[in-house]
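Scope of the values below: all heavy atoms of this structure, side chains included, with no hydrogens, waters or symmetry mates. So you know, we letter chains A, B, ... as the sequences are listed, proteins then strands, and number each from 1.
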Amino acid sequence: MKIGLSLGAGGARGWAYVGVLRALEEAGIKIGMINGSSIGAVAGGGYSLYLNVKKMVSIAAEIVRSVNVNYFNIFRHSTESHSFLRNWLVSAICDIAALRGSILSHRNNLKALKRIFGKYEFHDTQIPFSSVAVDILAMETVVISEGKLVDGILPSISIPGIFPPVEREGRLLVDGGALANVPVQALRQQGAEFVIAVKLGTEVKTTYHNGFDILNYIDSLKFQRLSQWEIDKADFQIRIDIPDFNSGRFDNYEIAIPYGYEATKRVLPDLERRLAEVGA
Amino acid sequence: MRSGITLVLGGIGVKGVANVGTLQALLKNKTKIKRIVAAGLSAVAAAQFALGRDLNLLTDHLVRFFTEHQRQLWGLERFSGITRSHRRRVVESFSYFLRERLFCKANFTRLSILSWDLIEGELQEFFGNATFSDLRVPLAISAIDLKRGTEVLLEGGSLVDRLKAGVAFPGLFPPVRIEYQELVSSTLYCELPLGRLGEMDRPIVAIDIPSRVSLQNPKSIIDSLACVDELRSLAIKQILLTKADRVFCLEGLREFKWASYEKIPQLISQAYQEMDNLLCSCSDL
């Protein structure tokens, strides 16, 4: 039986997937194929290429050392206690929001992806892997499983508004998390017979101070609803909650990994029972 | 469908008013309605219908309201072009930049662009102290409760307060507090309020007034975010539409903008004609 692993979006919290993969490896559960959206595509691509958790941890350490990962944390300057700075920042953000297509470029993304995947292509991976993005012109989910891994994963991490969309073959691609946070259906369509979905829990802010807080809140409700519909189609779900973890702090990988490991260990007896039931 | 249908009405912004035409066509067809579930401005049309009042009075009132308040609503019609940046000449680009910036700044510094002062009096004047118990056809108004993060159906109490919650489009109007709830319109979450309906509500007939779809490269961050927001709403609508036993899609209304208040009479007559044609080809309603 082909076991598929579907990994969702979630920024730096996605380092927890390394812990998930370690726990599954220790339990002897063989993953037959992987897909992922956003950080899930990065982690899934890395594992399917090297099939080695230790190698993934060393790559994480190397990226943190060599790439300015904190650059991804666009909200790193807290302004809560400085009203003048906050007002200035609001004006600046509004100017940028009305003039630019995105806050950041893909420069650091490409640098990090090249460190992980080099010139490897999808067909070089040791187990089938696909990256999931969303075409905002055709309004549909796109599964990428050919060509260079760097080129295939880049669209999947193009968070709308933060990074520019990626144009490819007449398509305009953004982060797969826009529609398919944990792309379970896509993996099943690719032939997975038993799908394990891994979701990074998100804390929804229920307080609001301005109109954007409300708009964001409604959008997060939509995101959660769509995610849940997708995850409900999986045969088994693993949910990882990392309290008080900033999704922009990619340098905190050592904090995130144990959470993924522990969350998987907790549900391992249930997973093994389910797999035994279906004869895997 | 002899026992009557559960009629589900939606439509983003002013497009919800088009349901005046839909309801007139259903009246002409003598379709039996056991309950109406509505969101946004379609709830205002549904309330007028459920009270057994003349729908043309509402149309006249809305046209007069928008004509009289054009100054206060300056730019609202043009705000609906916020995600449609295809006209990029110098003047248009500058005006587009200013509108986006204004929208952005207003929503960063306050709860909404508009306040309730603008429409509360109008609703009060039109519906007075009517309550849900005055309605001849049961009505449920859909809203999102920000406290609990769920869609709720408002089915009792003062009609005006619940209608305010129904039309409290996030970003345009502030949330409405009713008892322990903080409510905003559910149309941004999903155009059609099907989320809370179940087996008991069958047969469910949904009137889909589709939104304009922007198939173009986003020009700004607001464009990108609005595009994803729209994608998610459409995906949710597609999934929820499977709950309906029958969907009438009024395709001819797709190209109208959500704030085309100057075109209310056209919206209504177009909806009436389309719905009338659709009903002619369907014998069981």
Side-chain angles (χ1 to χ4, degrees), chain A residues 86-87 89-104 134-141 158-165 167 172 174-175 177-181 204-230, chain B residues 82 93 96-113 144 146-151 168-175 182 184-186 188-190 195 213-236 238-240:
Chain A
R86 182 171 173 80
N87 287 339
L89 198 62
V90 163
S91 292
I93 287 172
C94 293
D95 286 342
I96 292 167
L99 283 170
R100 289 182 56 127
S102 63
I103 296 171
L104 303 175
V134 169
D135 180 358
I136 54 175
L137 298 182
M139 300 189 156
E140 63 186 17
T141 299
S158 301
I159 305 168
I162 295 181
F163 298 112
E167 282 188 68
L172 201 59
V174 298
D175 190 329
L179 276 185
N181 179 30
V204 179
K205 214 173 102 182
T206 53
T207 54
Y208 56 87
H209 304 289
N210 57 43
F212 269 120
D213 283 347
I214 300 172
L215 289 164
N216 274 338
Y217 181 49
I218 301 289
D219 192 49
S220 65
L221 289 181
K222 290 196 264 192
F223 172 77
Q224 287 199 325
R225 188 70 187 264
L226 288 169
S227 296
Q228 202 52 52
W229 271 323
E230 189 87 20
Chain B
I82 207 154
S93 296
Y96 177 78
F97 163 71
L98 288 179
R99 276 181 283 132
E100 284 211 326
R101 197 177 185 284
L102 176 66
F103 175 81
C104 194
K105 201 157 184 183
N107 270 299
F108 255 123
T109 51
R110 46 197 283 184
L111 278 178
S112 61
I113 293 175
I144 296 287
L146 296 175
K147 285 272 180 203
R148 287 186 295 161
T150 52
E151 186 185 343
F169 195 84
L172 278 185
F173 290 104
E182 289 181 14
V184 291
S185 170
S186 68
L188 190 65
Y189 175 75
C190 179
V213 179
S214 54
L215 297 175
Q216 57 180 316
N217 196 337
K219 296 288 188 293
S220 67
I221 293 170
I222 298 177
D223 251 8
S224 296
L225 298 177
C227 184
V228 171
D229 200 55
E230 206 172 305
L231 272 179
R232 287 181 176 156
S233 291
L234 278 172
I236 288 179
Q238 287 312 316
I239 295 168
L240 287 180

Between Lys222(A) (side chain only) and Glu230(B) (backbone N and O only), is there a donor and an acceptor less than 3.5 Å apart? no
Minimum heavy-atom separation for Val228(B) to Ala178(A), with atom names? CG1-CB, 3.9 Å
Rounded to the nearest 0.5 Å, how far apart are CG of Leu137(A) and SG of Cys227(B)? 7.5 Å
Please report the shortest heavy-atom distance between Leu225(B) and Gly161(A), naming the atom on each side. CD2-CA, 4.3 Å
Can you tell me how far the CD1 atom of Ile214(A) sits from the CZ atom of Phe169(B), to the nearest 0.5 Å? 12.0 Å
Crowded around Gln228(A) CD? As in, over 12 foreign heavy atoms under 6.0 Å? yes
Contact between Leu226(A) and Ile239(B) at the side-chain level, heavy atoms closer than 4.5 Å - yes or no? yes
Approximate separation, where rounding is to 0.5 Å, of Met139(A) CE and Gln238(B) CD: 10.5 Å
Donor-acceptor pair, side chain of Tyr217(A) and main chain of Leu146(B), under 3.5 angstrom: yes
Roughly how far, to the nearest 0.5 Å, is CD1 of Ile218(A) from CG of Asp229(B)? 9.5 Å
Atom group of Ile144(B) that falls short of 4.5 Å from chain A, counting heavy atoms: side chain
To the nearest 0.5 Å, atom CG of Asp219(A) lies from atom OG of Ser233(B) at 8.0 Å
Distance check, rounded to the nearest 0.5 Å: Ser227(A) atom OG versus Arg232(B) atom CZ? 7.5 Å
Interface moiety of Ser186(B) toward chain A, non-hydrogen atoms closer than 4.5 Å: neither
